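The structure under discussion appears below in the form of structure tokens.
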Amino acid sequence: MTVRTRAIAWSSALTGVLAAVVVVSAGIGPVSIAPDTVAGILLSADPSPLTFHAARTSRVIVLDVRLPRIVLAALVGFALATAGVVMQGFFRNPMADPSIVGVSSGAAVGAVTTIVLPIAFPLGLELQGAAFTSAVITAFGVYLIATRGGQTPTATLLLAGVAVQAFLGAIISLLLLHSGQSLRRVVYWLMGHLGGTTWTEVRVIAVVVPPLFALLLAYARDLNVLLLGEEDARTLGIEVERTKRLLLAASSVVTAAAVAVTGVIGFVGLIVPHAMRLVVGPDHRVLLPASALAGASFLVATDTLARSGPTEIPVGIVTAALGAPFFLYLLRSQEVTGL
């Protein structure tokens, strides 16, 4: 079976899984709606005499209340898993995740500053805009710190990211001490959430994620070659530094877009790519789309759990509670020696 055939087969199968998860999720809530009813509503979003007829209440619940949140969860999971695959390949380390160069910490500083000190951003940026801007600035700042003479060693980049994350963590802690009545809102954002989603947030992230995913997918072969080492990649005709800059920039912006609208949601970009690599193999031409679709399904499913209990909890708590034990299981059951 060719790589293209494998990629299409896995993508088709995982798209089917995602569709099923979306239908089930849209029917779960205080008002339960049968999957066939949900499917009918989704397939006939513009009602006409010849289309599926559902109660007006059910249509409003599915299309206006639950579907924006579900679509946002799918896009964020898609984005985080995509960035996780790229970062793990970029650093040749299965323990890498999308926040490794400080993107999540940068977004958190921007968001927390906006919540605690509203006058800190005089240009009128909302919380999401401040978080996105701060995240992108942090990522590129880490890159500039790690670059010397036009070269950016991945080990130096990794260490710079760790140092910057620690520094930004200190800033966040300081802001928390002075958050006063804003503390609850700050903590809720830092936990990662999808509550109160509207189609506006969906449109914002939908503008960013698909084009950058297409760009990263176009560089999947180059990412495969980089796994051999930078010297071998140069021998095979890869412009290493240019490729590294592009991969880092695209994955950082994708992560920033996701974190800016939902807060910090951990483990999606770590556990999903690692698990899918064990299933589909290390070839990024297959792994990248498979992980992205699996990440979308994973976050939709975990957010459904987060909002299905007596009290809704931030989805970041659920992803950590499920992801950490599963990751430990993988470490115990698989010999992790490299990519």
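Please read all numbers here as calculations on a predicted model, not as lab measurements. For this chain, numbers begin at 1 and follow the sequence in order.
Judged by distance alone, the side chain of T235 and the main-chain N or O of E231 form a donor-acceptor pair under 3.5 Å. Without hydrogens or angle criteria, R92 side chain to G229 main chain gives no donor-acceptor distance under 3.5 Å. Here the side chain of S25 pairs no donor or acceptor atom with the backbone of V21 at under 3.5 angstrom. Judged by distance alone, with hydrogens and angles left aside, the side-chain atoms of S134 form no donor-acceptor pair with the main-chain N or O of A130 at under 3.5 Å. Panel note: side chain Q88, backbone A96; a donor-acceptor pair is recorded below 3.5 Å. In this structure a side-chain-to-backbone donor-acceptor pair under 3.5 Å is missing from T37 to I33. A donor-acceptor pair under 3.5 Å is absent between the side-chain atoms of R285 and the main chain of A220, judged by distance alone. Panel note: side chain T197, backbone L194; a donor-acceptor pair is recorded below 3.5 Å.
Checked against salt bridge (Lys or Arg N to Asp or Glu O under 4.0 Å), R6 has no partners two or more places apart in sequence or in another chain. The salt bridge (Lys or Arg N to Asp or Glu O under 4.0 Å) search around E312 returns R69, not counting sequence neighbours.
For the atom pair OG1 (T82) and CG (L293), the distance works out to 8.5 Å, reported to the nearest 0.5 Å.
Looking at S12 and T15, their side chains never bring a donor and an acceptor atom within 3.5 Å of each other. No side-chain donor-acceptor contact under 3.5 Å links T319 and T302.
We find that K244 and E230 are joined by a salt bridge, their nearest charged nitrogen and carboxylate oxygen being less than 4.0 Å apart.
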List the atom pairs, donor and acceptor, that lie under 3.5 Å between side-chain atoms in residues 154-176 and the rest of the protein, sequence neighbours left out.
unit_1	atom_1	unit_2	atom_2	d
Q165	NE2	S99	O	3.4
Q165	NE2	I100	O	3.2
S173	OG	G169	O	3.0

